[in-house]
Chemist: 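Got a structure for you, written out below as structure tokens; questions coming shortly.
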Amino acid sequence: MSMYGRDPWGGPLEINTADSATDDDRSRNLQDFDRAALSRPLDETQQSWLLGPTEQKKKKYVDLGCIIVSRKIFVWTVGTILVAALIAGFITLIVKTVPRHHHSHAPPDNYTLALHKALMFFNAQKSGKLPKHNNVSWRGNSCTQDGKSDSSSITKDLVGGYYDAGDAIKFHFPKAFAMTMLSWSVIEYSSKYETAGELNHVKDIIKWGTDYFLKTFNHSADSISRVVAQVGVGDTSGGSTTHNDHYCWMRPEDIDYDRPVQECSSCSDLAAEMAAALASASIVFKDNKAYSQKLVHGAKTLFSFARQQRGRYSASAEAAIFYNSTSYWDEFIWGGAWLYYATGNSSYLQLATTTGLAKHAGAFWGSLDNSVLSWDNKLAGAQLLLSRLRLFLSPGYPYEEMLRTFHNQTSITMCSYLPIFTSWNRTRGGLIQLNHGRPQPLQYVVNAAYLATLFGDYLDAADTPGWYCGPNFYSTKVLREFAQTQMDYILGKNPRKMSYVVGFGTHYPKHVHHRGASIPKNKIKYNCKGGWKWRDSSKPNPNTLVGALVAGPDKHDGFRDVRSNYNYTEPTLAGNAGLVAALVALSGEKGGIDKNTIFSAVPPMFPTPPPPPAPWKP
């Protein structure tokens, strides 16, 4: 009988129990089995069965005091550290011995450099008690009694604000336009201001203006009956020798004559422009909720007053000599548009898109003059501002027809800027003559450059490559080229090689028509007539009015750098506001508008659809 077992080497093991072999025979048989098994290679497991556990080498350790580590690990660690140190030292040696090539950032473009200077002009024009960071060494506190000596004034505190030009009069109509333009540029190009490091600066400039405007009427009331239109007088007609802001030539800090306050109770243009200034600024300061709401409330009050008590502010005022307003209809559209953006109240949009209002403002006349944005006529600006609404939100009925008209008129205005259409004359040097060759042209040119750049940026942001002038299609590129050509002329690329922005470049006007800049700060107080010697001096101004945009050249590209000739050398708030807007729009890379901030208060154009019904349950 046989029994089968399992051979541990993998083969069968047969044991014959009937075998009567001796022990020696069985021993020999087992040895044969061992030799047969060992003739095949064994794996590690099988060897361990035969040989038993192997004796392991004893590991060596290194005692470091605080810890004990394997000697092998210790050697490898120290060796790695030494090699790493050698490599680091070699790299350092190479870096220090090989010549370096510094790749500096690209220098700021001319528009950014000019922007820094253009904003400084507003610091030099500040009235009242100046802040410590004003950074105009030759200016100090001035006219700190404004409003207090006038018994008939609405308020006894009219300290602050800005002087309009080279004198010390505070004309509120052009000043309000200047603040609106600055706010508009911040709303559209806040990222560019931030890149230039000027965002806080320009916001401070705007707030200095709006803080002052809140003093010029009862801003906490819902209805008012009058507003302050002007502080100081300048009429010298008829050979008047009365001491005032035009007859005298004094530093604002030394003024000792009376500064009358002029109010108006029927001044729709002024009140609507001030409303636009406060409404646009409320968007700039929307993150300061309390201040923004104060501005909105004041804007509503002013606009209501403008609509209820119709009339031109300059109809029976001295302002007609200097800043005569031709109409208030354009301010109604302009102010209504800004109040709509500031409040989201559709009643303002309905008003701004009323056909009758547009007709009175001249939107259908096809007049070239109505396409020129200025402190007097805001129609071109209002039309572009409302075209923005159509481009980005497309509100449709009942606004579409009027918005389309404004959009078409804006397109026509842009076409008129192109040299190919010869709508406007140009000087031989290339300056567009938007005021038909009359003096002081640059204030209109900078506004046009801003509108052209902004319209092009609107189209780009709306993924529209251009616009039509009749049957011809033009790229947005030509708008930017127009703006650049005009601004380059102003910055020095003209036949006289003169920069018309004071302090920019090396060749700029040195005899600016400006009282504060022309009289040295030498601790001597020059009286009303005592300052005339500085007015009539042929020497350059002792103080540089940095950033001032002078009135500009004549229609032949000629320019007389003479202090007494204000048609060439006097700067204004409105002119510099347009300059700042155009410069920031052109600075840096193309585009960069903020599409959405202006719509922050605007509700959805269409009603929100109702939520879907709840799931059906059996």
Side-chain angles (χ1 to χ4, degrees), residues 122-131 134 139-179 205-221 223-235 242-248 250-267 269-271 273-275 277-278 281 291 294-295 297-299 301-302 305-306 309 313-314 316-319 321-323 515-516 528 573:
F122 291 91
N123 293 46
Q125 295 299 104
K126 285 182 178 178
S127 176
K129 186 176 181 180
L130 301 183
N134 198 49
R139 282 301 323 279
N141 299 338
S142 61
C143 298
T144 55
Q145 299 300 310
D146 279 357
K148 296 177 181 178
S149 61
D150 197 311
S151 59
S152 63
S153 177
I154 300 170
T155 173
K156 297 303 177 187
D157 180 12
L158 289 171
V159 178
Y162 293 96
Y163 301 126
D164 174 67
D167 49 38
I169 302 177
K170 293 190 278 195
F171 289 110
H172 296 173
F173 189 49
K175 182 195 299 183
F177 172 70
M179 294 301 108
I205 289 169
I206 294 168
K207 192 172 186 297
W208 189 269
T210 52
D211 283 350
Y212 174 78
F213 279 133
L214 291 173
K215 297 180 177 183
T216 62
F217 68 103
N218 185 358
H219 70 268
S220 61
S223 63
I224 55 175
S225 59
R226 53 183 180 160
V227 298
V228 175
Q230 179 179 325
V231 177
V233 295
D235 187 7
T242 302
H243 289 197
N244 65 28
D245 291 290
H246 279 181
Y247 181 78
C248 299
M250 305 175 67
R251 296 177 71 244
E253 293 80 0
D254 296 335
I255 289 175
D256 54 6
Y257 48 78
D258 290 336
R259 288 168 54 78
V261 175
Q262 297 188 23
E263 299 176 351
C264 63
S265 57
S266 180
C267 41
D269 39 15
L270 170 63
E273 183 56 62
M274 288 172 62
L278 297 187
Y291 188 64
K294 181 188 288 189
L295 294 175
H297 184 270
T301 300
L302 284 167
F305 167 69
Q309 297 178 226
Y313 93 105
S314 58
S316 58
E318 181 200 62
I321 305 172
F322 307 106
Y323 287 103
R515 286 159 177 77
C528 177
L573 284 178

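Since this is a predicted model, take the numbers as computed values, not measurements.
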Chemist: Suppose we screen for side-chain hydrogen bond (donor to acceptor under 3.5 Å, both in side chains). Which residues come up paired with Q125, at least two apart in sequence or across chains?
Modeler: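 Checked Q125 against side-chain hydrogen bond (donor to acceptor under 3.5 Å, both in side chains); matches are H514.
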
Chemist: Going by heavy atoms in the side chains, are K126 and P131 under 4.5 Å from each other?
Modeler: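 K126 reaches P131 side chain to side chain.
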
Chemist: Could you list the residues that satisfy side-chain contact (heavy atoms from CB on, under 4.5 Å) with D211, not counting sequence neighbours?
Modeler: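 Testing D211 for side-chain contact (heavy atoms from CB on, under 4.5 Å), a comparison that skips the adjacent residues, returns K207, Y291.
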
Chemist: Check salt bridge (charged side-chain N to carboxylate O under 4.0 Å, His left out) between K215 and all other residues, then give those that pass, not counting sequence neighbours.
Modeler: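 With neighbours one apart ignored, the set is D157.
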
Chemist: Angle class for the H243/Y247 ring planes (parallel below 30°, perpendicular above 60°, tilted otherwise)?
Modeler: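 Judged by the thresholds at 30° and 60°, the geometry between H243 and Y247 is parallel.
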
Chemist: Applying ring pair (Phe, Tyr, Trp, His ring centres under 6.0 Å), name anything that partners H246, two or more places apart in sequence or on another chain.
Modeler: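 Checked H246 against ring pair (Phe, Tyr, Trp, His ring centres under 6.0 Å); matches are F322.
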
Chemist: Can you check whether G298's main-chain N or O pairs, donor with acceptor, with H219's side chain at less than 3.5 Å?
Modeler: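 No, the answer is negative, given that no donor and acceptor are paired below the 3.5 Å cut-off.
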
Chemist: Work out which heavy atom in G147 is nearest to a heavy atom in V261; give both atom names and the distance.
Modeler: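 Here G147 and V261 meet closest at CA-CG2, 4.0 Å.
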
Chemist: Please enumerate all residues that pass side-chain hydrogen bond (donor to acceptor under 3.5 Å, both in side chains) together with S142, with sequence neighbours excluded.
Modeler: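 Applying side-chain hydrogen bond (donor to acceptor under 3.5 Å, both in side chains) to S142 gives R139, Y163.
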
Chemist: I'd like to check the side-chain hydrogen bond (donor to acceptor under 3.5 Å, both in side chains) partners of D245; sequence neighbours left out, ordered by chain and number.
Modeler: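 Applying side-chain hydrogen bond (donor to acceptor under 3.5 Å, both in side chains) to D245 gives Y257, R259.
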
Chemist: Run the side-chain hydrogen bond (donor to acceptor under 3.5 Å, both in side chains) test against H297 and tell me which residues pass, sequence neighbours left out.
Modeler: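 Partners of H297 by the side-chain hydrogen bond (donor to acceptor under 3.5 Å, both in side chains) criterion, ordered by chain and then number, come out as D222.
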
Chemist: Identify, with sequence neighbours excluded, every residue that meets salt bridge (charged side-chain N to carboxylate O under 4.0 Å, His left out) alongside K170.
Modeler: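 Once residues adjacent in sequence are excluded, the partners of K170 under the salt bridge (charged side-chain N to carboxylate O under 4.0 Å, His left out) criterion are D146.
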
Chemist: Quick one: list whatever passes side-chain contact (heavy atoms from CB on, under 4.5 Å) with Q262, sequence neighbours left out.
Modeler: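 Counting only residues at least two positions away or on another chain, Q262 forms a side-chain contact (heavy atoms from CB on, under 4.5 Å) with Q230, V233, A317, E318.
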
Chemist: Going by disulfide bond (SG atoms under 2.5 Å apart), name the residues that satisfy it together with C143, two or more places apart in sequence or in a different chain.
Modeler: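 Here no residue qualifies.
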
Chemist: List in chain and number order the residues that pass side-chain contact (heavy atoms from CB on, under 4.5 Å) with A306, two or more places apart in sequence or in another chain; answer none if no residue qualifies.
Modeler: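 Residues passing side-chain contact (heavy atoms from CB on, under 4.5 Å) with A306: S268, A271, A272, F332.
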
Chemist: Can you confirm whether or not the ring centre of F173 sits under 6.0 Å from the ring centre of Y323?
Modeler: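 Between Y323 and F173, which both carry aromatic rings, the centre distance is not below 6.0 Å.
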
Chemist: D235: what forms a salt bridge (charged side-chain N to carboxylate O under 4.0 Å, His left out) with it, not counting sequence neighbours?
Modeler: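 Once residues adjacent in sequence are excluded, D235 has no partner under the salt bridge (charged side-chain N to carboxylate O under 4.0 Å, His left out) criterion.
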
